[in-house]
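Predicted model only: the values in this text are computed from it and were never measured.
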Amino acid sequence: MRFISMFYCVMLLAVIPATGLRADDAPAAKSVTVFDAALSVPAAFKPVQAKSSIIEHEFQVSGEGDDVARLTFMPSGGGVQPNIDRWKGQFAGGKAEDQKVDQIKAGNWTIHLVELSGTFKETMGGGPFSGGKVVERTNYGMLGAILEHPEGRLYFVKLVGSEDILKKNRDAFIEMVKSLK
């Protein structure tokens, strides 16, 4: 058995140089479909199994050590402002200047960009309307984008995690939502 394992290790080492792979080769970005369009998700954001059936795509964004943020994609409704207000209600504290709402364009789409920080009141077990257990996470933040389709349909893209991860990935998040085509 030991001989077979060693044989496979030697064969793997022989094959790797032949493939032309190098440590500095960056993996390609992934494409995510949003209604009739697509956006490009950075390769550093790793796809994972969605934690809820209403989420179409979920990614993990890693920080230092075990620090991980959650990136989710899902269609939604209910209007732009009521959703922004609901997101703001999920946070307490934080500096007023760090709570931002902006609007940008990507082709025919309107993107409502929301940046929040403070103590995140995460609802466990079924979403914000389920009445499940609430866990307070300090020094957290959210980069949220409500993608407004030219026909008025809404789609959410949210990155929730530690303020450190959000600061390091803010530009990549904005470039991702602006890549909408």
Side-chain angles (χ1 to χ4, degrees), residues 29-42 44-63 68-92 94 98-132 134-137 140-163 165-181:
K30 299 151 202 73
S31 180
V32 169
T33 302
V34 176
F35 297 131
D36 57 355
L39 55 79
S40 182
V41 178
F45 298 179
K46 303 298 179 204
V48 296
Q49 179 69 38
K51 293 181 181 176
S52 169
S53 61
I54 64 171
I55 295 172
E56 288 187 347
H57 309 281
E58 185 166 336
F59 292 79
Q60 181 175 322
V61 180
S62 296
V68 175
R70 183 178 182 207
L71 174 66
T72 57
F73 297 77
M74 62 184 278
S76 192
V80 172
Q81 194 58 51
N83 281 296
I84 291 172
D85 292 342
R86 181 174 53 81
W87 291 355
K88 286 180 176 181
Q90 294 173 331
F91 282 84
D98 292 339
Q99 318 307 317
K100 302 174 189 168
V101 178
D102 200 6
Q103 195 176 76
I104 54 179
K105 293 293 271 182
N108 293 329
W109 291 73
T110 301
I111 301 169
H112 305 271
L113 187 62
V114 181
E115 298 181 61
L116 303 169
S117 64
T119 298
F120 177 55
K121 295 175 268 181
E122 182 176 15
T123 304
M124 309 300 279
F129 308 112
S130 69
V134 175
V135 175
E136 291 188 354
R137 303 198 183 277
Y140 252 54
M142 173 192 295
L143 291 173
I146 300 176
L147 311 177
E148 188 174 0
H149 188 273
E151 295 173 4
R153 294 180 287 169
L154 302 179
Y155 198 91
F156 293 166
V157 180
K158 295 190 327 185
L159 178 61
V160 178
S162 73
E163 290 179 15
I165 289 180
L166 272 60
K167 285 177 186 171
K168 290 176 185 168
N169 290 283
R170 181 185 183 277
D171 292 342
F173 179 88
I174 293 171
E175 286 305 311
M176 175 185 67
V177 296
K178 286 172 58 177
S179 74
L180 194 60
K181 296 178 185 168

Check: Would you find more than 12 non-hydrogen atoms of other residues, nucleotides or ligands less than 6.0 Å from Asp98 atom CG?
Finding: yes
* Between the side chain of Thr119 and the main-chain N/O of Arg137, is any donor-acceptor distance below 3.5 Å? -> no
* Asked: Are any of the side-chain nitrogens in Glu136 or Lys121 under 4.0 Å away from the carboxylate oxygens of its partner?
  -> no
Between Asp36 and His149, a side-chain donor and acceptor under 3.5 Å: yes
Flag side-chain contact, heavy atom, 4.5 Å: Leu71 against Phe173:
yes
Handout entry: Any Phe45 side-chain heavy atom under 4.5 Å of Lys30 side chain
Key = no
message: Quick check: do Leu154 and Leu147 have side-chain heavy atoms less than 4.5 Å from each other?
response: no
Q. Does the side chain of His57 come within less than 4.5 Å of Thr72's, by heavy atoms?
A. no
For residues 49-60, the salt bridge (charged side-chain N to carboxylate O under 4.0 Å, His left out) pairs (sequence neighbours left out) are Glu58-Arg70
Applying side-chain contact (heavy atoms from CB on, under 4.5 Å) to Ile104 and Lys178, what does each step give before you reach the verdict? CA-CA 8 Å; Ile104 54 179; Lys178 286 172 58 177; 3.6 Å; yes
- When you look at NZ of Lys168, are more than 12 heavy atoms from neighbouring residues, nucleotides or ligands closer to it than 6.0 Å? yes
List the steps and the verdict of side-chain contact (heavy atoms from CB on, under 4.5 Å) for Glu122 and Val134.
-> CA-CA 5 Å; Glu122 182 176 15; Val134 175; over 6 Å; no
**Request:** Go through the steps to decide whether Val32 and Phe59 satisfy the test side-chain contact (heavy atoms from CB on, under 4.5 Å), and finish with yes or no.
**Result:** CA-CA 11 Å; Val32 169; Phe59 292 79; 3.9 Å; yes
Residues 100-118 vs salt bridge (charged side-chain N to carboxylate O under 4.0 Å, His left out), sequence neighbours excluded, gives Glu115-Arg170
CG of Asn169 to CD of Glu175, rounded to nearest 0.5 Å, is 13.0 Å
With sequence neighbours left out, the residues meeting side-chain hydrogen bond (donor to acceptor under 3.5 Å, both in side chains) with Gln60 are none
Measuring only between side-chain heavy atoms, which start at C-beta, is Val101 closer than 4.5 Å to His112? no
Residues Val61 and Ile165: closest non-hydrogen pair is O-CD1, 3.7 Å
In short, Leu159 meets Ala69 closest at the heavy-atom pair CD1-CB, 3.7 Å
Please report the C-alpha distance between Lys158 and Trp87 in whole Å, then the side-chain angles of each, then the deciding distance to 0.1 Å, and finally whether the side-chain contact (heavy atoms from CB on, under 4.5 Å) criterion is met.
CA-CA 10 Å; Lys158 295 190 327 185; Trp87 291 355; 3.3 Å; yes
Q: Side-chain contact test, heavy atoms from C-beta onward, threshold under 4.5 Å: evaluate it for Leu39 versus Val34 and give yes or no.
A: yes
*Do Ser117 and Gln99 have a side chain donor and acceptor closer than 3.5 Å?*
yes
To the nearest 0.5 Å, atom CD1 of Ile174 lies from atom CG of Leu143 at 7.0 Å
(message) Is the shortest side-chain heavy-atom distance between Asn83 and Ile146 below 4.5 Å?
(response) yes
Close side-chain approach of Gln90 and Met142, heavy atoms under 4.5 Å
yes
When rounded to the nearest 0.5 Å, the distance separating CE of Met74 from CD1 of Ile55 is 6.5 Å
* Asked: Would the Phe156 and Phe73 ring centres measure less than 6.0 Å apart?
  -> no
